[in-house]
Amino acid sequence: MSAETLAQPVRRRPLGGDLVERLGPLGVVAAVVAGLLALAALLAPLLAPYDPTVGSIVQRYQVPSAEHLLGTDQSGRDLLSRLLYGARTSLAGAAVVVLLAGAGGTALALVATWFGGRVDAFVGRVLDLLFAFPNLLLAILVVAVFGTGLGQVTVALALAYVPYTARVLRSVALRERRLAYVQSAELQGLSGMAVSGRHLLPNIAPQILTGAAINFGYAMIDLAALSFLGLGVQPPTADWGLMVSQGKDSLLQGYPQQSLLAGTCIVVAVAAFSVIGERLGGRRAGGRA
């Protein structure tokens, strides 16, 4: 390798260049919507007019009014307050799934890429084993062993999402591994961990972020489904998926507000994060197949 190659600066790839340009008008709208949902969740204690877990039987099924802007549910609890607090559990749960899956998938991808050979083959077998379990089935198995709750299902879903992240990041990292800037860093005496952390990781960061945005929407759907089944968030905690479940009986009685409002929030949030992910780079950047 020539002296010029050794002297050249380590390659750095921008995290997305002009972010607004990459997102486009639709992506910007989606980002604004996602930001507003996150802000509403963060400020829920200040914005919510009532305690989301406290109701009154005499105020059940109230229509929207100045006192209750979106009405009340079957227990007399304010729906606006429950939607705001429900955003906290719905968004936070999905964020934990994405963070854990991203960290685990990225680590496996870098280890498999750097060491190759038997290590790469072993990692591949582990990923194949995880692929054999559907996300919801794995979560149900974990709940059956450890009991219901948001913590149990988020860990189970994170484990199920690891192979989706690792598979795509491994292919991207392998391509980077063969480039001159990595070989230059090796010849300078840097360890494999140092090269991966300082050089490979920054250059696959755009794929990590894009995959996280896409997987966020999938995680919200899976968590809402588990809460709907009674395996995730438990009453009286506010959660969008749980609200859809609790509102199904009211729906049959002619009071569709709870299920419709919570379902709409889920659809809007999932659509916003999916658009952001697709605009940043599409499924090839680490999202679920």
Side-chain angles (χ1 to χ4, degrees), residues 11-17 19 22-24 27 30-31 34 94-139 154-179 181-182 192-193 195-223 270-289:
R11 194 172 82 136
R12 283 290 184 270
R13 185 177 297 161
L15 279 181
L19 184 60
R22 292 194 66 184
L23 288 174
V96 171
V97 171
V98 168
L99 287 175
L100 292 178
T106 301
L108 286 176
L110 290 178
V111 168
T113 298
W114 192 261
F115 292 101
R118 293 182 178 179
V119 175
D120 189 17
F122 175 75
V123 171
R125 299 294 80 75
V126 172
L127 296 181
D128 289 340
L129 179 63
L130 292 175
F131 270 122
F133 291 91
N135 299 340
L136 294 181
L137 177 59
L138 181 59
T154 52
V155 172
L157 286 178
L159 185 62
Y161 278 49
V162 165
Y164 296 101
T165 302
R167 180 183 62 179
V168 177
L169 292 182
R170 174 184 171 277
S171 65
V172 176
L174 279 174
R175 187 167 60 246
E176 295 288 327
R177 178 77 169 82
R178 302 187 184 99
L179 297 180
Y181 79 97
V182 175
M193 182 177 295
V195 175
S196 297
R198 296 179 189 177
H199 308 311
L200 274 180
L201 186 59
N203 282 310
I204 66 174
Q207 285 74 24
I208 296 174
L209 295 178
T210 302
I214 295 174
N215 285 337
F216 196 99
Y218 286 113
M220 283 198 67
I221 294 175
D222 287 341
L223 287 172
V270 170
F273 283 101
S274 297
V275 169
I276 292 171
E278 295 290 347
R279 292 285 175 168
L280 286 178
R283 298 180 186 277
R284 67 181 183 278
R288 283 176 48 183

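For clarity, every value in this text was computed on a predicted model and none was experimentally measured. Start at 1 with the first residue, then count along the sequence. Worth knowing before you read on, the calculation uses all heavy atoms, side chains too, and leaves out hydrogens, waters and symmetry mates.
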* **Exercise: identify the closest heavy-atom pair between Ala139 and Leu157** => CB-CD2, 4.4 Å
* Asked: Excluding sequence neighbours, so at least two apart, what forms ring-ring contact (aromatic ring centres under 6.0 Å, His included) with Phe122?
  -> none
* **Arg118: side-chain hydrogen bond (donor to acceptor under 3.5 Å, both in side chains) partners, not counting sequence neighbours** => none
* Minimum side-chain heavy-atom gap Leu201-Ile208 below 4.5 Å -> yes
* Asked: Can you name the nearest heavy-atom pair linking Ala31 to Leu23, along with the distance?
  -> CB-CD1, 4.3 Å
* **Close side-chain approach of Leu169 and Gln207, heavy atoms under 4.5 Å** => yes
Compile the donor-acceptor pairs under 3.5 Å between side chains in residues 101-110 and protein atoms, sequence neighbours left out, one pair per line.
unit_1	atom_1	unit_2	atom_2	d
Thr106	OG1	Gly102	O	2.6

* Taking all heavy atoms of Met220 and all of Val270, pick out the closest pair and write down the distance. => CB-CG2, 4.0 Å
* Calculate, to the nearest 0.5 Å, the distance between atoms CD1 and CG belonging to Ile221 and Asn135 respectively. => 11.0 Å
* **Phe131-Tyr164 aromatic ring centre distance below 6.0 Å** => yes
* Minimal non-hydrogen separation, Val275 against Gly27, with atom names -> CG1-CA, 4.0 Å
* Exercise: identify the closest heavy-atom pair between Asp120 and Ala112 -> OD1-CB, 3.3 Å
* Roughly how far, to the nearest 0.5 Å, is CG of Leu136 from CG of Asp222? -> 4.5 Å
* Could you tell me which non-hydrogen atom of Thr210 sits nearest to which non-hydrogen atom of Gly277, and how far apart they are? => CG2-O, 3.1 Å
* Asked: How would you list all residue pairs meeting salt bridge (Lys or Arg N to Asp or Glu O under 4.0 Å) that involve residues 127-138, not counting sequence neighbours?
  -> Arg125-Asp128
* Hey, could you give me the OG/CG distance between Ser274 and Asn215, rounded to the nearest 0.5 Å? => 9.5 Å
* Test side-chain contact (heavy atoms from CB on, under 4.5 Å) applied to Leu174 - qualifying residues, sequence neighbours left out -> Thr113, Arg170, Arg178
* Asked: Who pairs with Val96 by side-chain contact (heavy atoms from CB on, under 4.5 Å), at least two apart in sequence or on another chain?
  -> Leu100, Thr154
* Mark yes or no for whether Tyr218, through its side chain, and Tyr161, through its backbone, hold a donor-acceptor pair below 3.5 Å. => no
* Structure fact -> Sorted by chain and residue number, the side-chain contact (heavy atoms from CB on, under 4.5 Å) partners of Phe273 (sequence neighbours excluded) come out as Ala34, Leu91, Phe216
